[in-house]
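Each residue takes its place number in the sequence, starting with 1. Everything numeric in this text was worked out from a predicted model, so none of it was measured.
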Amino acid sequence: KLARQLWQDAQSRPGDPAGAYALQTAGMRLAADSGLADTLIAGIDQRVSVFDVAPYEENVSWLLRLRKGSNERDSRSRSGHRLMNRVIRVAHAGIDQNDFSRASEVVGLAYRFSDRKSEEELPSLLNRLRMLLSAADREFEVAIKHLDAFRKNPNDSPAAAAFGRFLCFIKGDWENGLPLLAKHGGETLRAIAQLDLDSAYSPEDQTELGDQWWDLSARAKPGVYQQAARDRAGYWYALAYESMPDSLDRIHVKNRLNRLGESNDASPIALCRQLADEFGVDLEADL
């Protein structure tokens, strides 16, 4: 109640931005240190809506303070899914910003607030995402070295391919990763990446491209690279399915799309999307 009163007082000070900011901060500290997730998220949203601050940084820094200061779980957050909604969006944004370590810590907050004794799948999914983000952080450190080597020597194809694989298969950044794979990847990957860059406009071509990514995933070891190749296949299958007439090919595409959910917890980006689908979270919404 005191935190919310401080925020009301802050709103009544349009001519005193410094005072309003201080009152907001005091209220957010109270909410974070008291383990009140829903209350804190309301304060974060007020801060972002009023002041010219970095939304991602505000969310991460305050959620991490909540993680450190909370010794008890807030059942209201668990039942209302508000904390889960915010954590999923922040984790997804963290992947985009290569902030894997702190994104993992934020997911750890949601895991801590979840009912780990329940039979629901959520706690295990959160723990899995936390570990995948930590692993992605280690992959990022290696990828940066490859990027540095490629910048120093544009003819260093192995370094370029390694960084391209990181962008596509871990970050899901196909726009920037595909050109590197099309030029520097292995023979098979190079050919598929070039076809993907050329784009497929007919359902037949989209299905064929989806099949090539799917076949590539079947040859990959189980894990993040296999899952990412399947996800890319699913992207093209979904485009094809929308405009395909009833046919055996349409049944084939539908079966492949149905199978996509069998192992979609192998990459952090895929798992974020799975959690977003389950909780109705809009990952495109601005923090």
Side-chain angles (χ1 to χ4, degrees), residues 88-89 92-93 95-98 136 143 147 150 154 157 160-278 280-286:
I88 294 170
R89 290 169 61 197
H92 188 262
I95 294 171
D96 182 63
Q97 299 198 25
N98 299 319
L147 176 60
F150 177 56
S157 285
F163 189 66
R165 288 193 296 270
F166 169 79
L167 289 176
C168 289
F169 299 141
I170 294 181
K171 278 197 58 146
D173 184 357
W174 297 90
E175 180 180 356
N176 291 304
L178 278 173
L180 291 172
L181 296 181
K183 186 175 181 180
H184 301 282
E187 182 178 355
T188 302
L189 183 56
R190 191 166 63 243
I192 298 175
Q194 187 58 58
L195 282 176
D196 199 306
L197 283 173
D198 293 340
S199 295
Y201 296 101
S202 70
E204 295 78 14
D205 290 343
Q206 291 166 347
T207 300
E208 172 61 24
L209 187 50
D211 285 343
Q212 292 205 35
W213 279 115
W214 190 277
D215 292 343
L216 181 67
S217 76
R219 296 194 294 271
K221 293 180 180 180
V224 64
Y225 294 110
Q226 182 186 72
Q227 182 60 48
R230 280 201 174 192
D231 288 343
R232 193 60 178 176
Y235 167 79
W236 288 108
Y237 284 145
L239 288 179
Y241 188 77
E242 291 178 0
S243 53
M244 292 180 79
D246 289 336
S247 62
L248 290 176
D249 285 341
R250 195 169 199 262
I251 294 174
H252 160 72
V253 168
K254 180 61 174 176
N255 286 337
R256 288 281 171 88
L257 287 171
N258 288 338
R259 289 176 59 189
L260 274 175
E262 293 177 0
S263 60
N264 61 352
D265 63 346
S267 70
I269 195 74
L271 191 45
C272 274
R273 289 170 183 157
Q274 179 185 349
L275 286 165
D277 288 342
E278 291 185 10
V281 176
D282 182 6
L283 292 178
E284 302 302 319
D286 193 346

Item to complete: Give a yes or no on whether the ring-centroid distance for W236 and W174 is below 6.0 angstrom.
Response: no
Worksheet item: Checking R230 against W214: charged group under 6.0 Å from the ring centre and within 45 degrees of the axis?
Response: yes
Item to complete: Please name the pair of heavy atoms, one in C168 and one in A228, separated by the smallest distance, quoted to 0.1 Å.
Response: O-CB, 4.4 Å
Item to complete: Using modelled atom types only, decide if a donor and an acceptor are shared between the side chain of Q226 and the backbone of A220 within a distance under 3.5 Å.
Response: yes
Worksheet item: Which pair of non-hydrogen atoms, one from Q227 and one from A270, has the smallest distance, and what is that distance?
Response: CG-CB, 4.1 Å
Practice prompt. Identify the two heavy atoms, one from R250 and one from M244, that lie closest to each other, and give their separation to 0.1 Å.
Written response: NE-O, 2.9 Å
Discussion item. Tell me if a side-chain donor or acceptor on R89 pairs with a main-chain N or O of D286 at a distance below 3.5 Å.
Written reply: yes
Fill in: Side chain to side chain, E278 and Q274, heavy atoms closer than 4.5 Å
yes
Fill in: Result of checking N255, D211, T207 against Y237 for side-chain hydrogen bond (donor to acceptor under 3.5 Å, both in side chains)
D211
Practice prompt. Enter the distance from I192:CD1 to D215:CG here, rounded to the nearest 0.5 Å.
Written response: 8.0 Å
Discussion item. With rounding to the nearest 0.5 angstrom, report the CH2 to CG distance, W213 to L195.
Written reply: 9.5 Å
Fill in: Residue pair D196 / L209: nearest heavy atoms and the distance that separates them
CA-CD2, 3.7 Å
Worksheet item: How far apart are the closest heavy atoms of P203 and A240, and which atoms are they?
Response: O-CB, 3.6 Å
Item to complete: Could you tell me whether the side chain of L275 reaches within less than 4.5 Å of the side chain of V281, counting heavy atoms only?
Response: no
Response to the item:
To the nearest 0.5 Å, atom SG of C272 lies from atom CD1 of I95 at 4.0 Å
Discussion item. With rounding to the nearest 0.5 angstrom, report the CD1 to NZ distance, I269 to K171.
Written reply: 8.5 Å
Practice prompt. If the plane angle is over 60° it's perpendicular, under 30° parallel, otherwise tilted; pick one for F150 and H184.
Written response: perpendicular
Fill in: Nearest heavy atoms of S267 and D231, plus distance in Å
OG-OD2, 4.1 Å
Worksheet entry | Interatomic distance, S157 atom OG to L180 atom CG [nearest 0.5 angstrom] | 10.0 Å
Worksheet item: Can you find a pair of side-chain heavy atoms, one from H92 and one from I88, that are under 4.5 Å apart?
Response: no
Fill in: 4.5 Å side-chain heavy-atom contact, R219 and T188
yes
Worksheet item: Going from CD1 on I251 to OH on Y241, what distance comes out if it is rounded to the nearest 0.5 angstrom?
Response: 9.0 Å
